[in-house]
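What follows is one structure encoded as structure tokens, with my remarks underneath.
Residue numbers start from 1 in every chain, and the chains themselves are labelled A, B, ... in the order their sequence lines are given, proteins ahead of strands. Note that these values count all heavy atoms, side chains included, but never hydrogens, waters or copies made by symmetry.
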Amino acid sequence: MSIRVRFAPSPTGQVHIGNIRAAIFNWLFARHHGGEFLLRIEDTDRERSTAEAVQGVLDALAWLGLNYDAPPVYQTAQLPRHQEAVEQLLRAGHAYRGSKGDEGGEVTFFRMPGTDITFEDSVKGTMSKKAEDLKDFVIVRSNGTPVFHLANVVDDVTMGITHVIRGDDHVENTFRHIALFRALGVPVPAYAHLPMIVNAQGKPYSKRDGAAFVGDFRAKGFLPEALFNFLALLGWSPGGDKEIMTRREMIDLFEFKQVKSSPAQMDMRKFEWMNGEYIRLLPEEDFRRQFRQALESAGALPSGTDELYFNRVATLMHSRTRSFPESPALVAFFFREDFAWDEKVVKKRLHKPGAAALLAAMRERFSGLDCFTADPLEKALHALAADKGVEIGEIIHPVRVAVSGLGVGPGLFEMLEVLGRDRVLSRLATALALHGGNESGA
RNA sequence: GCGCCCAUCGUCUAUCGGUUAGGACACCAGGUUUUCAUCCUGGUAAGCCGGGUUCGACUCCCGGUGGGCGUGCCA
């Protein structure tokens, strides 16, 4: 029998990373075995389900490249089948009607078999529950609508699901679901319950802990390939030392044997590192596009900026970008004159004894250059250092701060070349005017 | 409360009775004849506690502690 799995989110909000990781594992498992990966929208909670949320699920899957092999199944459209199943259960004596609580009306209960239930979980091992801990439960509400357990199981039957891969929070439900499958007289699927993603306190990872939804990562400019890779490795370890893997490699290696059963914490620092690895792998044009997007959304890119100039800045930044959110602050000086000054660096580099004099001399020599490109600029700087008998760093650092306001950035000479003569000379003059008289410590 | 589950560096993890407990991120130090980043080299850092079983336990068993999940006419 061919393998069929499904991702079955309820469209009641944004797609949580724990959820999407379940989708990733389902997808990986299906692709590994050449099976089918299906999507089912569990929209039976009419109160909370929204069309926007459905679109959110579709977008998240598309963004991460989690393609499904058949059109999405909407649970609300399966109502007739749910009702049929209930009739069948009623006829066979597996279900009965009754009242519960003080809400009045009549609900339909599923009658648990009265025996212990055991199943093999692909990640958690043998799971067992005693009969006395398994109570009858409602499968149809007093208003006639089926409850999750019933709908979920019946849909899995109609969709021919062979393996149910979902979050750890569903383990307890599994015993009821197995009883349901048996009562319906159909094969019980195999199960794999994934550990939860938790925060530093061991609590479920939530919005309070930072980016918690797929949309958050996307909005911040993280790459889908990086998120996919990172999430796949949260709880799953193919052994070996390789962590940056292609989809093909992940598909080939994926097995539940290597999925851990303990919860994992999302380490944003490691994720940013991985994102940086993927950024470096990006084709230049792709990098430019996303780089531009990051700057534009942060309002750091003035309209009318020269295309070529922008491209040169992008090239300079490609190899040193770990995540797009950090970009605006690092390159603002390329695009505007009122960039921020890092006061600590200003103090350290510009207020240093002798810095102003060197800066002034450097400006003088730069202004005399015929060709304002990296090579001549570098030669001029080395020459000045030699003439003054100072380390080149004594000049490099003040120049960098003077033109960028920062202590870090691309290689200085390439950076000066891209900035161009006008910006460089005027900024050096400005820096001298602002800080030239501030030398301290001597 | 009851039921189920989980427990290796700060984090993600390898280990499947015998290892100097390995790797990755982060961090620290040095190098790559300018910073930062990249890259290279080196370093700090771990088996929750207590009992067993065994010649020998991170690994198996029991208990404790801590944490998670479940206990809906939500999904």
Side-chain angles (χ1 to χ4, degrees), chain A residues 8-13 19 42-45 47-49 75 99-101 103-109 121 123-125 127-130 132-135 137-149 151-152 166-176 193 195-198 200-204 230 233-244 257-258 260-274 276-277 280 316-322 330 345 349 378 381-382 385 391-397 399-401 404 406-413 415:
Chain A
S10 51
T12 54
N19 249 190
E42 302 209 330
D43 54 356
T44 43
D45 185 344
E47 302 290 301
R48 299 189 297 150
S49 295
Q75 194 158 61
S99 57
K100 186 187 182 189
E103 293 181 41
E106 200 173 49
V107 295
T108 305
F109 288 92
D121 190 289
V123 349
K124 305 175 85 72
M127 301 292 289
S128 190
K129 201 88 170 176
K130 291 195 184 65
E132 67 222 58
D133 293 321
L134 297 166
K135 298 194 177 61
F137 59 95
V138 174
I139 51 176
V140 180
R141 301 186 185 88
S142 53
N143 68 6
T145 59
V147 155
F148 162 73
H149 303 294
N152 186 272
R166 70 224 311 192
D168 230 355
D169 49 338
H170 280 294
V171 280
E172 303 289 330
N173 294 333
T174 305
F175 298 100
R176 304 190 215 197
H193 286 95
M196 312 295 280
I197 294 179
V198 300
Q201 288 70 40
K203 308 284 184 192
F230 188 79
L233 254 27
L234 217 51
W236 170 55
S237 170
D241 288 348
K242 198 164 183 196
E243 302 215 44
I244 303 290
K257 286 190 195 73
Q258 298 153 315
K260 282 205 20 157
S261 53
S262 53
Q265 205 176 305
M266 173 102 191
D267 183 354
M268 281 305 291
R269 288 176 306 182
K270 182 163 184 174
F271 174 60
E272 288 192 5
W273 159 75
M274 188 172 277
E277 294 291 309
R280 252 162 259 131
L316 242 34
M317 298 307 292
H318 192 165
S319 70
R320 64 190 65 238
T321 300
R322 284 167 70 89
L330 294 175
V345 181
R349 305 298 190 189
E378 180 165 8
L381 191 141
H382 276 88
E391 295 288 328
I392 51 175
E394 295 295 307
I395 306 174
I396 284 176
H397 298 304
V399 171
R400 175 184 294 283
V401 190
S404 73
L406 301 172
V408 302
L412 182 70
F413 306 107
M415 186 171 113

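- With a cut-off of 3.5 Å on both Watson-Crick or G-U wobble distances, the partner of B:G66 is given as B:C6.
- Under 4.0 Å is where a charged nitrogen must lie from a carboxylate oxygen, and between A:Glu277 and A:Arg322 no such pair does.
- When both distances must be under 3.5 Å, the Watson-Crick or G-U wobble mate of B:A14 does not exist.
- A:Met127 comes within contact range of the sugar-phosphate backbone alone, with a heavy-atom separation under 4.0 Å but no base atom that close.
- Residue A:Arg400 places a side-chain atom within donor-acceptor reach of the base of B:U35, judged by atom type and a 3.5 Å distance cut-off alone.
- The nucleotide whose nearest atom lies closest to any side-chain atom of A:Ile392 is, among B:C12, B:C4, B:U34, B:U34.
- Rounded to whole Å, the separation between the C1' atoms of B:U38 and B:U32 comes to 11 Å.
- Residue A:Arg166 has no polar side-chain atom (N or O) positioned under 4.0 Å from OP1 or OP2 of B:C69.
- Taking the charged nitrogens against the carboxylate oxygens, A:Asp133 and A:Lys130 have no contact shorter than 4.0 Å, which rules out a salt bridge.
- The side chain of A:Trp273 lies closest to B:A26, out of B:A26, B:C12, B:C74.
- Side-chain atoms of A:Ser262 lie closest to B:A7 of the nucleotides B:C5, B:A7, B:U38.
- Within 4.0 Å (heavy atoms only), A:Arg48 reaches at least one base atom of the nucleic acid.
- A:Val138 comes within 4.0 angstrom of sugar-phosphate atoms only, judged by non-hydrogen atoms across all strands, and of no base.
- Computed from coordinates, the A:Met317 CE to B:U38 C1' distance equals 12 Å when rounded to whole Å.
- Remark: P of B:C69 and CG of A:Asp121 are 17 Å apart, rounded to the nearest angstrom.
- In this structure, A:Ser10 contributes its side chain and A:Thr12 its backbone to no donor-acceptor pair below 3.5 Å.
- Separating the CD atom of A:Glu277 from the P atom of B:C12 is a distance of 20 Å, rounded to the nearest angstrom.
- The side chain of A:Asp267 lies closest to B:G10 when the candidates are B:G23, B:C69, B:G10.
- For A:Glu172, counting side-chain heavy atoms from C-beta on, the closest listed nucleotide (B:C69, B:U34, B:G67) is B:C69.
- Within 4.0 Å (heavy atoms only), A:Gly239 reaches no atom of the nucleic acid at all.
- Using modelled atom types, no side-chain atom of A:Arg400 and backbone atom of A:Gly411 make a donor-acceptor pair closer than 3.5 Å.
- If you take CZ of A:Arg269 and P of B:U13, they are 15 Å apart, rounded to a whole angstrom.
- Rounded to the nearest Å, the gap between the C1' atom of B:U13 and that of B:C58 is 14 Å.
- Taking a cutoff of 4.0 Å between a charged side-chain nitrogen and a carboxylate oxygen, A:Arg141 and A:Glu106 do not qualify as a salt bridge.
- In this structure, B:A21 makes no Watson-Crick or G-U wobble pair, since no nucleotide meets both defining distances under 3.5 angstrom.
- A distance below 6.0 Å separates the ring centres of A:His170 and A:Phe148.
- A:Phe230 comes within 4.0 angstrom of nothing in the nucleic acid, heavy atoms only.
- In this structure B:U71 sits in a base pair with B:G1, meeting the Watson-Crick or G-U test at under 3.5 Å.
- Using C1' as the reference atom, B:G47 and B:A57 are 11 Å apart when rounded to the nearest Å.
- At a threshold of 4.0 angstrom between heavy atoms, the contacts of A:His170 include nucleobase atoms, whether or not backbone atoms are also involved.
- Closest contact between the side chain of A:Ser237 and the listed nucleotides B:U34, B:A14, B:C4 involves B:A14.
- Checking B:C36, B:C12, B:C4 against every side-chain atom of A:Gln265, the shortest atom distance belongs to B:C12.
- Rounded to whole Å, the C1' atom of B:U15 lies 15 Å from the corresponding atom of B:C60.
- Distance from the side chain of A:Arg176 is smallest to B:U71 among B:G23, B:U71, B:G68.
- The side chain of A:Lys260 sits closest to B:U8 out of B:A75, B:U8, B:U34.
- Contact annotation: A:Arg322 reaches the phosphate of B:A26 (side-chain N/O to OP1 or OP2, under 4.0 Å).
- By the 4.5 Å heavy-atom criterion applied to side chains, A:Met127 and A:His193 are not counted as neighbours.
- Among the nucleotides B:C4, B:C12, B:A75, the one closest to any side-chain atom of A:Lys129 is B:C4.
- Look at CG on A:Asp133: it is 16 Å from P on B:G1, rounded to the nearest Å.
- Not a single donor-acceptor pair, N or O on each side, falls under 3.5 Å between the base of B:A75 and the side chain of A:Asn152.
- A:Arg320 places a side-chain N or O within donor-acceptor distance of the main-chain N or O of A:Gly409, the cut-off being under 3.5 Å.
- Of the P atoms belonging to B:C5 and B:U54, the separation is 27 Å, rounded to the nearest Å.
- For the pair A:Asp169 CG and B:C5 C1', the interatomic distance rounds to 12 Å; values are reported in whole Å.
- A gap of 13 Å separates the C1' atoms of B:U59 and B:U53, to the nearest Å.
- Among the heavy atoms of the strands lying under 4.0 Å from A:Gly411 is at least one base atom, whether or not backbone atoms are also near.
- Residue A:Lys130 contributes atom NZ, which lies 16 Å from atom C1' of B:U71 at whole-angstrom precision.
- Residue A:Asn143 is classed as having no contact, given no heavy-atom separation below 4.0 Å to the nucleic acid.
- The separation of B:C9 from B:G1, taken at their P atoms, amounts to 28 Å, rounded to a whole angstrom.
- For the pair A:Lys270 and A:His397, nearest-nucleotide mapping onto RNA chain B gives the more 5' position to A:Lys270.
- In this structure B:U34 sits in no base pair that meets the Watson-Crick or G-U test at under 3.5 Å.
- Taking atom C1' in both B:A26 and B:U44, the straight-line distance is 12 Å, to the nearest Å.
- Heavy-atom neighbours of A:Gln258 CD from other residues, nucleotides or ligands within 6.0 Å: above the threshold of 12.
- Counting to the nearest Å, the C1' atom of B:U71 and the CZ atom of A:Phe175 are 13 Å from each other.
- Among the heavy atoms of the strands, none lies under 4.0 Å from A:Gly393.
- A residue-by-residue look at A:Pro204 and A:Leu412 shows that A:Leu412 has its nearest nucleotide of RNA chain B further toward the 5' end.
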